[in-house]
Amino acid sequence: MKIASWNVNSLNVRLPHLEQWLATFGPDIVGLQETKLEDSRFPDAALVGAGYRSVFAGQKTYNGVAILSRAPAEDVQVGIPGFEDEQKRVIAATVGGVRIVNLYVVNGQDVGTDKYAYKLRWLEAVHDWIAQELQRHPELVVLGDFNIAPDARDVHDPAVWNDDHILTSTAERDGLRRLCALGLHDAFRLHSDVAGEFSWWDYRQAAFRRNLGLRIDLTLVSDALRARCVAAGIDREPRTWERPSDHAPAWVELGA
DNA sequence: ATGGTGGTATAACCA
């Protein structure tokens, strides 16, 4: 079973890319972020044509998340229970017995800003909620655009992307570490210790061509799924297509 | 330090 995460940066613009990628990569489950669509405009009929059902939580212009799956999605949860948030950043569902939590983590703008404080608060709320989810659903995958690069291997220039920089700051990385300490494992790192494999490249400065990227799109698997995690990676191909998202899909494969 | 690009309430704002 292949499970993926992709920040599409506008599903309206990227639907043809998504359809092409679904047809070639053939994931069983995909978490999408930054759909930037109200629910009434979600292209669920087109995706049925591609063989996928959709559950989604969107808004105009910003944010928006969805889970696509070949098998039905059950027990759908939108948002973090008990955490008031206008921004559509969280959707969870159970597919084929596996609980999928899809996150569009707050970007945070710059260290010390109000948005940064919101990011840290939001991460703490996610942490407390995931602790409960793990009790109810030991077979859990937390995936998404984390807007945090776990360590120095995951950035092209550790001198710039340091302890004081947004997406790599100590407090952000501590937030991710605390989440993982609940019993979640970065699937990519179960299979590789290479540096320089990224999932996001800025549109500016020809960053993709020069591989000036970060690995901020993650798939985390729970203790109970760890032994079934047979492979993980990042599919750079859609980032090479014309008018791409700035993110590439990150994926994990679970064996039987 | 700035600004570069791309998305969308097409003007700022967000990333």
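Here is how names work: the chains are called A, B, and so on, in the same order as the sequence lines, proteins then strands, and each is numbered from 1.
A/Asp235 has no carboxylate O lying under 4.0 Å from a charged side-chain N of A/Lys2, or vice versa, which leaves the two without a salt bridge. Salt bridge A/Arg121/A/Asp85: absent, no basic N to carboxylate O contact under 4.0 Å. A salt bridge does not link A/Asp223 to A/Arg226: none of the charged nitrogens lies less than 4.0 Å from a carboxylate oxygen.
Of the candidates B/dA15, B/dA9, B/dG7, B/dA15 carries the atom nearest the A/Arg89 side chain, counting heavy atoms from C-beta on. Closest approach to the A/Gln205 side chain among B/dC14, B/dG7, B/dG4 is made by B/dG4 (side chain taken as heavy atoms from C-beta onward). When each of B/dC14, B/dT8, B/dA15 is scored by its nearest atom to the side-chain atoms of A/Tyr62, the top-ranked nucleotide is B/dC14. Set against B/dA15, B/dA9, B/dG6, the side chain of A/Thr61 has B/dA9 as its closest nucleotide.
Residue A/Arg204 has no polar side-chain atom (N or O) positioned under 4.0 Å from OP1 or OP2 of B/dA15. Between A/Lys115 and B/dC14, a side-chain N or O to OP1/OP2 separation shorter than 4.0 Å is present. Contact annotation: A/Ser10 side-chain N/O to B/dT8 OP1/OP2 distance is under 4.0 Å.
For the P atom pair drawn from B/dA15 and B/dA9, the interatomic distance equals 16 Å after rounding to whole Å. For the C1' atoms, the distance linking B/dA11 with B/dG7 amounts to 13 Å, nearest Å. Nucleotides B/dG6 and B/dT10 are separated by 13 Å at their C1' atoms, to the nearest Å. When the P atom is compared between B/dC13 and B/dG3, the two are found 16 Å apart, to the nearest whole Å. Comparing the same atom, C1', in B/dG4 and in B/dC14 gives a spacing of 16 Å after rounding to whole Å.
Counting heavy atoms from C-beta outward, A/Asp39 and A/Phe56 have side chains that approach closer than 4.5 Å.
Using a 30° and 60° split on the angle between ring planes, A/Phe198 and A/His156 fall in the perpendicular class, above 60°.
For A/Leu212 and B/dA15, the CG to C1' distance is 17 Å, given to the nearest whole Å. Between A/Gln109 atom CD and B/dA15 atom P the separation is 7 Å, expressed in whole Å. Here B/dA15 presents its C1' atom at 14 Å from CD of A/Gln33, a figure rounded to the nearest Å. One atom, OH of A/Tyr203, and another, C1' of B/dG7, lie 7 Å apart when rounded to the nearest Å. Rounding to whole angstrom units, NZ of residue A/Lys36 and C1' of B/dC14 are separated by 7 Å. With rounding to whole Å, A/Asp202 atom CG is found 8 Å from B/dG4 atom C1'. In this structure, the CD atom of A/Glu34 is 11 Å from the C1' atom of B/dG6, given to the nearest Å. Separating the NE2 atom of A/His247 from the C1' atom of B/dC14 is a distance of 12 Å, rounded to the nearest angstrom.
No close placement of the A/Trp21 and A/Trp241 rings is indicated, their centers lying 6.0 Å or farther apart.
Two residues, A/Arg14 and A/Val106, neighbour DNA chain B, and the one matched to the more 5' nucleotide by heavy-atom proximity is A/Arg14.
B/dG6: Watson-Crick or G-U partner is B/dC14, with both key distances under 3.5 Å.
Residue A/Phe208 is classed as having no contact, given no heavy-atom separation below 4.0 Å to the nucleic acid.
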